[in-house]
J.: 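Can you keep this structure in mind? I'll have questions shortly.
What you are looking at is a predicted structure, and each value in this text was computed from that prediction instead of being measured. Residue numbers start from 1 in every chain, and the chains themselves are labelled A, B, ... in the order their sequence lines are given, proteins ahead of strands.
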Amino acid sequence: MSLTTTSNRINQLFEQKRERILSVYFSAGFPELNDTKTIIRQLQDSGADIVEIGVPYSDPVADGPTIQDSNTKALKNGMSISLLFEQLKDIRSEVTLPLILMGYINPVLQFGVERFCSKCEEVGIDGLILPDLPMAEYLDEYKETFDKYGLKNVFLITPQTTEARIKMIDENTDGFIYMVSSASITGAKSGISQEQIDYFERVRALNLKNPTLIGFGISNKETFDRACKYSSGAIIGSAFINVLNNSSDIKKDIDGFIKSVKGKV
Amino acid sequence: MKVAVDERGYYGNFGGAYIPEMLYPNVEELKENYLQIIHDPQFQKQFRGLLKDYAGRPTPLYFANRLSEKYSTNIYLKREDLNHTGAHKVNNTIGQILLAQRLGKQKIIAETGAGQHGVATATVCALMGMECIVYMGEVDMARQKPNVERMKILGAEVRPASSGSKTLKDATNEALRHWINNPVDTHYIIGSVVGPHPYPEMVALFQSVISEEIKWQLKEKIDRENPDYVIACVGGGSNAAGAFYHYYENEKVNLVAVEAAGKGVNSGESAATTMLGKPGVLHGSKTLLMQTEDGQVIEPYSISAGLDYPGIGPVHAHLFESGRGKFLSATDEEAMKAGIFLSRLEGIIPAIESAHALAALDQLKFEKDDIVVVNLSGRGDKDLETYIKWGGY
Ligand SMILES: Cc1ncc(COP(=O)(O)O)c(C=O)c1O
């Protein structure tokens with residue numbers, strides 16, 4: 001049976017909470033093939049609000065070196081979509097956080113769109129982020145299937161996205177909007193510039209119906225706090241991958257990192 | 001049959017613009033402006049002027065007497081190898097740099113595999129005094145050293161692509177990433193009929209001068225515009241698209257596309273995309289793509305660096321699927337033999353890419369009075385080392 005709108009965990013989360021939401025990205029199958037569940041569980045225990053599970057791809061064109069590298073290593077470890085669904089089979093017995101799969105469209109096409117969505121529903125996935133799935137194709141060919149399996153499709157906007165297009169995206173979304181902080185690929189940069197703040201405020205002034213989360217370049221408490229001033233929260237990817245990459249005790253290091261980012265207001 | 005791109009940027013089931021939102025404004029800007037710019041008489045005047053005076057067009061359509069005798073038919077070679085920089089690639093880079101100027105861009109980026117497109121891009125950037133960065137896979141940089149140096153002499157910066165398999169597809173990824181990071185002042189000159197719409201159609205338009213010339217040259221020589229066959233090699237497919245363009249709708253003209261079979265289609269070391277690929281998305285378009293069952297892109301192989309690309313332009317996927325194009329493949333060995341054969345027979349050392357098109361002559365049955373045009377996309381100078389290593393001459 002399909003989930004109805006209100007039972008989607010992304011919607012539930014934003015109904016309860018509209019500030020300081022922390023969403024964390026990692027690549028499934030990295031650093032070790034079978035770390036997926038450990039990482040998700042620990043993220044929940046340490047206080048993350050959303051988990052974005054990266055589906056590794058050989059050609060991640062929107063990603064910087066850190067995530068390219070974690071993709072490559074995950075693939076080398078033997079990660080695949082089928083294996084990921086296998087790993088996530090019982091995840092809902094322990095994890096209540098919204099779970100989002102983030103990846104590129106080609107592996108989804110090969111798996112089969114309907115089969116993919118049906119598997120997502122089966123294991124309890126709430127949303128998808130597919131950066132190279134264009135809006136027009138989504139509306140024409142995918143939306144119906146995503147809806148059928150209760151999957152929220154998350155769109156990106158950037159400083160270059162026009163106001164008209166942001167509004168169009170807002171119209172066609174109900175989950176959240178992924179506000180890419182600068183014109184760039186993923187990867188931790190330092191600080192948030194005035195230009196970026198102008199853009200955050202410009203978007204806030206549009207009074208969109210969807211909450212926004214700011215991503216790209218969020219790496220620590222300072223950048224997280226700043227992002228939270230202009231949105232419902234933020235997304236951390238590359239900086240978290242770096243934590244995993246340098247860790248000899250991932251549970252402990254995940255806990256330390258998430259707590260340091262969320263810290264005190 | 002209608003081959004033209006539709007409003008959504010598709011050729012039949014293939015094409016589109018599968019790009020992250022970060023690239024949307026750039027690609028949209030191109031899409032909104034490219035036709036108007038290209039059809040502007042001032043643009044055409046400048047474009048045609050440079051093709052003539054700078055690139056050396058029209059390139060000859062040469063009746064290859066001895067080759068024709070061997071195959072008992074009438075074979076013409078379209079001499080794209082005589083273009084400045086040694087291949088058809090410059091037709092596209094001249095067009096795109098003029099377009100970039102009209103869009104107000106100051107910087108140029110490009111990807112390259114064998115280095116031919118990189119050299120053609122570095123050349124027009126020197127010509128126009130524009131900054132040029134060319135991404136090239138680390139592996140390709142090592143095996144195409146002379147072209148790396150040519151680009152540097154021309155003033156371009158060559159940046160190694162060290163991600164993934166470190167070849168053409170990764171250089172393309174790096175160029176796309178660079179464009180994401182520099183969306184406002186930079187134009188990306190893609191080197192083949194690949195990438196998000198409108199690139200495949202735009203590049204095909206610039207290359208269509210090839211078939212435009214074939215038409216009037218045949219008319220002049222034999223009083224008919226249409227050959228029975230046009231044969232071209234396919235990497236991404238730009239020289240083939242250019243040679244086919246004005247014949248798409250004339251079904252009497254057989255369009256033959258020749259892919260690189262490497263060590264054999266089923267050897268595991270091949271680049272024959274239509275034989276080995278399945279529909280998928282790469283570099284912004286839906287096309288046929290060599291990939292694993294899990295949708296990971298497979299690194300292709302060919303002795304010819306210009307043909308080892310895991311996809312093909314969406315227009316070729318459509319020509320293949322619809323049956324309008326006939327797709328053949330030639331192995332390394334067949335291509336090398338054909339290259340040496342042409343050298344001996346006609347005094348023309350072809351690029352190894354082009355030698356694949358020549359190798360297909362053995363796989364077709366011609367009538368005595370057939371008119372066959374082979375698009376000789378480039379010259380063999382860049383491939384001397386490969387010829388030497390191969391031997392057999
Ligand atoms: C001489 C020559 N022919 C053909 C190609 C393949 O490209 P396309 O299929 O776009 O014509 C290349 C690419 O480098 C080339 O250098």
J.: Identify whether the distance between the nearest side-chain nitrogen and carboxylate oxygen of B:Lys286 and A:Glu137 falls below 4.0 Å.
T.: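 Result for this pair is no, no salt bridge flagged.
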
J.: Step through the shown structure and confirm whether more than 12 heavy atoms of other residues, nucleotides or ligands are within 6.0 Å of NZ on A:Lys76.
T.: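 Counting neighbours around NZ of A:Lys76, 12 or fewer heavy atoms of other residues, nucleotides or ligands fall under 6.0 Å, so no.
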
J.: Quick check for you: to the nearest 0.5 Å, what is the distance between A:Asp59 atom CG and B:Thr172 atom OG1?
T.: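 The OG1 atom of B:Thr172 is 9.0 Å from CG of A:Asp59, to the nearest 0.5 Å.
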
J.: Can you tell me which portion of A:Ala62 sits under 4.5 Å from chain B's heavy atoms? Options are side chain, backbone, both or neither.
T.: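 Contact with chain B is through both the backbone and side chain of A:Ala62.
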
J.: Of the listed residues (A:Val180, A:Leu75, A:Leu133), which shares the most heavy-atom pairs with chain B below a 4.5 Å separation?
T.: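 Greatest number of close heavy-atom pairs with chain B: A:Leu75.
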
J.: Are side-chain heavy atoms of A:Phe111 and B:Glu293 found at a separation under 4.5 Å?
T.: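 Contact flag for A:Phe111/B:Glu293 side chains = no.
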
J.: Checking heavy atoms, do the side chain of B:Tyr18, its backbone, both or neither come under 4.5 Å from chain A?
T.: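 Contact with chain A: backbone and side chain both.
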
J.: Would you give the length of the straight line joining atom OG of A:Ser82 to atom CG of B:Asp294, rounded to the nearest 0.5 angstrom?
T.: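 These two atoms lie 6.0 Å from each other.
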
J.: Using a 4.5 Å cut-off on heavy atoms from C-beta on, say whether the side chain of B:Val281 contacts that of A:Tyr104.
T.: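 They are not in contact (no side-chain heavy atoms under 4.5 Å apart), so the answer is no.
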
J.: Tell me, out of B:His178, B:Arg8, B:Glu21, B:Lys169, who's got the most heavy-atom pairs with chain A below 4.5 Å.
T.: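 Maximum pair count with chain A is reached by B:Glu21.
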
J.: Under 4.5 Å from any heavy atom of chain A, what part of B:Leu289 do you find: side chain, backbone, both or neither?
T.: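 Just its side chain gets close to chain A.
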
J.: Determine the option with the most heavy-atom pairs under 4.5 angstrom with chain B, choosing from A:Pro159, A:Pro65, A:Pro56, A:Pro131.
T.: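 Looking at each of A:Pro159, A:Pro65, A:Pro56, A:Pro131 in turn, A:Pro131 comes out on top.
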
J.: Using non-hydrogen atoms and a 4.5 Å limit, figure out which bit of A:Leu156 sits close to chain B: side chain, backbone, both or neither.
T.: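 Interface part for A:Leu156: both.
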
J.: State, with a plain yes or no, whether a side-chain heavy atom of B:His283 is found less than 4.5 Å away from one of A:Val61.
T.: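 Answer no - side chains too far apart.
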
J.: Looking only at atom types and distance, does a side-chain atom of B:Asn173 sit under 3.5 Å from a main-chain N or O of A:Pro60, one as donor and one as acceptor?
T.: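 Side chain of B:Asn173 to backbone of A:Pro60: no pair is present.
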
J.: Taking the side chain as every heavy atom from C-beta outward, state whether A:Met135 and B:Tyr24 have any atom pair closer than 4.5 Å.
T.: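 Not touching, per the 4.5 Å side-chain cut-off.
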
J.: Given a strict heavy-atom distance threshold of 4.5 Å, which part of A:Thr72 is in contact with chain B: side chain, backbone, both, or neither?
T.: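 Answer is neither: A:Thr72 stays 4.5 Å or more from chain B.
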
J.: Measure across B:Gly295 and A:Pro107 and return the closest heavy-atom pair with its distance rounded to 0.1 Å.
T.: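 Looking at all heavy atoms of both residues, the shortest contact is O-CG, 3.9 Å.
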
J.: Is there a side-chain contact between B:Gln296 and A:Asn106, using heavy atoms and a 4.5 Å cut-off?
T.: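 No, their side chains stay 4.5 Å or more apart.
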
J.: Go through the atoms of B:Glu28 and report whether side chain, backbone, both or neither lie under 4.5 Å from a heavy atom of chain A.
T.: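 Nothing of B:Glu28, per the 4.5 Å heavy-atom cut-off to chain A.
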
J.: Which value, rounded to the nearest 0.5 Å, describes the distance between A:Ile185 atom CD1 and B:Leu176 atom CG?
T.: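 It is 10.5 Å, given to the nearest 0.5 Å.
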
J.: Below 4.5 Å, heavy-atom pairs only: which of A:Ile157, A:Ile81, A:Asp69 has the largest tally toward chain B?
T.: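 Greatest number of close heavy-atom pairs with chain B: A:Ile81.
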
J.: Contact part of A:Leu130 toward chain B, heavy-atom cut-off under 4.5 Å: side chain, backbone, both or neither?
T.: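 Neither part; nothing is under 4.5 Å.
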
J.: Mark yes when over 12 heavy atoms from residues, nucleotides or ligands other than A:Glu171 sit less than 6.0 Å from its CD; otherwise mark no.
T.: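 No, the 6.0 Å shell around CD holds no more than 12 heavy atoms from other groups.
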
J.: Among B:Gly164, B:Gly280, B:Ser165, B:Gly16, who wins on heavy-atom pairs under 4.5 Å with chain A?
T.: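 Heavy-atom pair counts peak at B:Gly280.
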
J.: If I measure from the heavy atoms of chain A, does B:Pro196 come under 4.5 Å with its side chain, its backbone, both, or neither?
T.: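 For B:Pro196, no heavy atom lies under 4.5 Å from chain A.
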
J.: Can you tell me which portion of B:Ile19 sits under 4.5 Å from chain A's heavy atoms? Options are side chain, backbone, both or neither.
T.: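 Backbone only.
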
J.: Hey, could you give me the CD1/CD distance between B:Ile180 and A:Gln160, rounded to the nearest 0.5 Å?
T.: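 Answer rounded to 0.5 Å: 11.5 Å.
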
J.: Counting distance only, does the side-chain N/O of B:Arg177 pair as donor-acceptor with the main-chain N or O of A:Gly64 below 3.5 Å?
T.: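 No, B:Arg177 side chain to A:Gly64 backbone: no donor-acceptor pair under 3.5 Å.
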
J.: If I measure from the heavy atoms of chain B, does A:Asn71 come under 4.5 Å with its side chain, its backbone, both, or neither?
T.: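 Nothing of A:Asn71, per the 4.5 Å heavy-atom cut-off to chain B.
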
J.: Measure the CE-OG1 distance between B:Met22 and A:Thr161 for me, rounded to the nearest 0.5 Å.
T.: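 B:Met22 CE to A:Thr161 OG1: 9.5 Å, rounded to 0.5 Å.
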
J.: Less than 4.5 Å to any heavy atom of chain B: does that hold for the side chain of A:Leu109, its backbone, both, or neither?
T.: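 For A:Leu109, the contact with chain B is made by the side chain alone.
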
J.: Looking at side-chain heavy atoms only, is the closest gap between B:Lys278 and A:Gln110 below 4.5 Å?
T.: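 The answer is yes, as the side chains (C-beta and beyond) meet within the 4.5 Å cut-off.
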
